[in-house]
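Beneath this line is the structure, given in structure tokens, with notes to follow.
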Amino acid sequence: MPPPRHRGAAKKPMWIIVLLSIVIVSLIGAYVYPPRRYSACYFFASSVCTPFKDWLPAVTLREPTDEEIASAVVIRDLLSMPMPVSKNPKIAFMFLTPDSLPFERLWEKFLQDQEGRYSIYIHASREKPVHNSSLFLNREIRSEKVVWGRVSMVDAEKRLLANALQDIDNQFFVLLSDSCIPLHTFDHIYNYLMRANVSFVDSYLDPGVHGTGRYFIEMFPEIERRDFRKGHQWFAVTRRHAILIMADTLYYRKFKLYCKPAVGRNCIADEHYLPTLFNIVDPGGISNWSVTHVDWSEGKWHPRSYRAADITYALLKNLTSFNENVHIASDDAKTVTSTPCILDGTKRPCFLFARKFYPDTLNNLLELFSSDTSA
């Protein structure tokens, strides 16, 4: 009689175990980190995403802090309350400069015969300016040192706004640098701004290293990564939005604490604070483009600068003709987005001012600039 044969132990179906493990881990992950939107249910078909969410245990929403509640109430009321009506509305031109303004003579020509329709404020962070025009005498405000990339740049902007807001007639607030020039007549710029129902704040999503790559997790929960925006600092805002900027402490504090130049994550406060703030609190109240032209097409840390030899009628005419705003992202693909500049349903030229112009361009600009024509 042959000896009985012993069967080996049945092999465990390892692929089933692995599959079940993946499913279990996925379910746990979906519960712990539920998708914010149904479109984010990337491992389920859209038809089953909603039922799947429905049978998961309820996730308790985070309770806002006292500061968040207070901020939300203040901003809500600021955006809905009526603003004082001025019988003599003015534009506040706010110059952010280290010292003297090289284009005072050009601005003087631009402002000729416009008394009572504008105000001038100068924040000189390094030295007291030497003036070449009487229009700029005694226009300096108390100024503090400004460090590039630091929140001190935002502080200087807020200091200018605070001083300009003291004049109830100032209805639009334009931030300018020492290298800025006007591209149109005063009347054109005045009408463009006063008829606008939005503030001109550049704000766009840059998914690259110099965009959302600068986001710090410590900004959460008040500022989420998906809300983080980038833009040029040169704004033109309504009185309502100027007051809102001054009233904000919640979001400003996050940028003051965590947005600063650092190795590996070079967060520049003035490029992100206002674009992010308005994207969160009033995205429909801004244009998403700046009325100051800056040429970043060279892909360097600083924008293109113009010298005397560059100044021609064709150049200035070209700057006034742009009716689409272009952003170049910092992702690997250098994604380019172009959006039309729409005001009151009509496509309009985007830019009223431009930078960066070297002081040696002044004489050529004076020759080209006319008080009764654009550029």
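For the pair Arg117 and Phe186, the cation-pi criterion (under 6.0 Å, within 45° of the ring axis) is not fulfilled. Taking the centre and axis of the six-membered ring of Tyr273, the NZ or CZ atom of Lys158 falls outside the cone set by 45° and 6.0 Å.
Side-chain N or O atoms of Asp99 include none that pairs as donor or acceptor with a backbone N or O of Glu127 at under 3.5 Å. With hydrogens and angles ignored, the 3.5 Å screen pairs a side-chain donor or acceptor of Asn191 with a backbone N or O of Asp187. Within the 3.5 Å criterion, the main-chain N or O of Cys350 finds a donor-acceptor partner in the side chain of Trp289. Of the possible polar contacts, one joining the Ser321 side chain to the Asn318 backbone as a donor-acceptor pair under 3.5 Å is found. Between the side chain of Arg239 and the main chain of Leu165, a donor-acceptor pair closer than 3.5 Å is present. Of the possible donor and acceptor atoms, none in the side chain of Ser199 sits under 3.5 Å from a partner among the backbone N and O of Val201. A distance-only check finds a donor-acceptor pair linking the side chain of Arg240 to the backbone of Leu78 [under 3.5 Å]. Here the side chain of Lys87 pairs no donor or acceptor atom with the backbone of Asp169 at under 3.5 angstrom. For the pair Tyr192 (side chain) and Pro349 (backbone), a donor-acceptor distance under 3.5 Å is present. The backbone N or O of Pro102 sits nowhere less than 3.5 Å from a side-chain atom of Arg105 that would complete a donor-acceptor pair.
Remark: Glu63 CD is loosely packed, at most 12 non-hydrogen atoms of other residues, nucleotides or ligands lying under 6.0 Å away. Counting non-hydrogen atoms of neighbouring residues, nucleotides and ligands closer than 6.0 angstrom, the CG atom of Asp77 exceeds 12 such neighbours. Within a 6.0 Å radius of OH in Tyr358, no more than 12 heavy atoms belonging to other residues, nucleotides or ligands are found. More than 12 non-hydrogen atoms from other residues, nucleotides or ligands lie less than 6.0 angstrom from CZ of Arg139. For CZ of Arg304, the number of neighbouring non-hydrogen atoms (other residues, nucleotides, ligands) closer than 6.0 Å is greater than 12. No more than 12 heavy atoms of other residues, nucleotides or ligands shown are found within 6.0 angstrom of CG on Asp66.
Two residues are said to be in side-chain contact when any heavy atoms from C-beta on lie closer than 4.5 Å; Pro89 and Phe172 fail this criterion. Contact annotation: the side chain of Glu140 approaches that of Pro129 to within less than 4.5 Å [non-hydrogen atoms, C-beta and beyond]. Contact annotation: the side chain of Asp282 never approaches that of Ile75 to less than 4.5 Å [non-hydrogen atoms, C-beta and beyond]. A heavy-atom distance below 4.5 Å is not found between the side chains of Pro275 and Lys230. Residues Lys145 and Arg150 are not in side-chain contact: their nearest non-hydrogen atoms beyond the backbone lie 4.5 Å or more apart. Annotation: side chain of Asn325 is in contact with side chain of Asp202 (closest heavy-atom distance under 4.5 Å). With a 4.5 Å cut-off on side-chain heavy atoms, Leu274 and Val237 do not count as touching.
Across Leu161 and Met94, no two heavy atoms sit closer than the pair CD2-CE, 3.7 Å. Between Glu104 and Asn132, the shortest heavy-atom distance links the atoms OE1-N, 2.7 Å. For the pair Leu96 and Ala156, the tightest heavy-atom approach, listed with the atom from each and the gap, is CD1-CB, 3.6 Å.
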Evaluation steps, ring pair (Phe, Tyr, Trp, His ring centres under 6.0 Å), between Phe136 and Trp107
CA-CA 10 Å; Phe136 289 82; Trp107 286 101; 7.6 Å; no
Might you work through the ring pair (Phe, Tyr, Trp, His ring centres under 6.0 Å) test for Phe353 and Phe200, ending with a clear yes or no?
CA-CA 12 Å; Phe353 312 95; Phe200 297 92; over 10 Å; no
One pair to check against side-chain contact (heavy atoms from CB on, under 4.5 Å): Ile243 and Met83. What are the steps and the verdict?
CA-CA 10 Å; Ile243 296 172; Met83 288 286 105; 4.0 Å; yes
Just do the side-chain hydrogen bond (donor to acceptor under 3.5 Å, both in side chains) check on Asn279 and Ser203 with the steps written out, would you?
CA-CA 7 Å; Asn279 180 58; Ser203 179; 5.1 Å; no
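Transitive grouping of hydrophobic side chains (ILVMFWY, heavy atoms separated by less than 4.5 Å) brings Tyr313 and Phe103 into a common cluster. In terms of hydrophobic clustering, with Ile, Leu, Val, Met, Phe, Trp and Tyr side chains grouped at heavy-atom distances under 4.5 Å, Leu257 and Val147 are assigned to different clusters. A single hydrophobic cluster is not seen to contain both Ile168 and Ile141; linkage of ILVMFWY side chains at heavy-atom distances under 4.5 Å, directly or through other members, places them apart. Put simply, Leu135 and Leu366 are part of the same group of oily side chains (I, L, V, M, F, W, Y) that touch within less than 4.5 Å, one to the next. Two different hydrophobic clusters hold Val281 and Tyr204 under the rule that ILVMFWY side chains link at heavy-atom gaps under 4.5 Å.
The hydrophobic cluster containing Val326 also includes Ile328, Val336, under a criterion of side-chain heavy atoms closer than 4.5 Å among ILVMFWY residues, counted directly or through chains of members.
Asp227 and Tyr215 share no donor-acceptor pair across their side chains, judged by distance under 3.5 Å alone. A donor and an acceptor atom, one from each side chain of Asn163 and His123, are nowhere located under 3.5 Å apart.
A salt bridge links Arg253 with Glu67: at least one charged nitrogen is closer than 4.0 Å to a carboxylate oxygen.
Residue His293 forms a ring-ring contact (aromatic ring centres under 6.0 Å, His included) with just one option from Tyr306, Phe351, Trp234, and that option is Phe351. With Ser330 as the fixed residue, the side chain to side chain donor-acceptor pair (under 3.5 Å) test singles out one of Asp206, Thr212, Thr335: Asp206.
For His241 and Phe278, the gap between ring centers is short of 6.0 Å.
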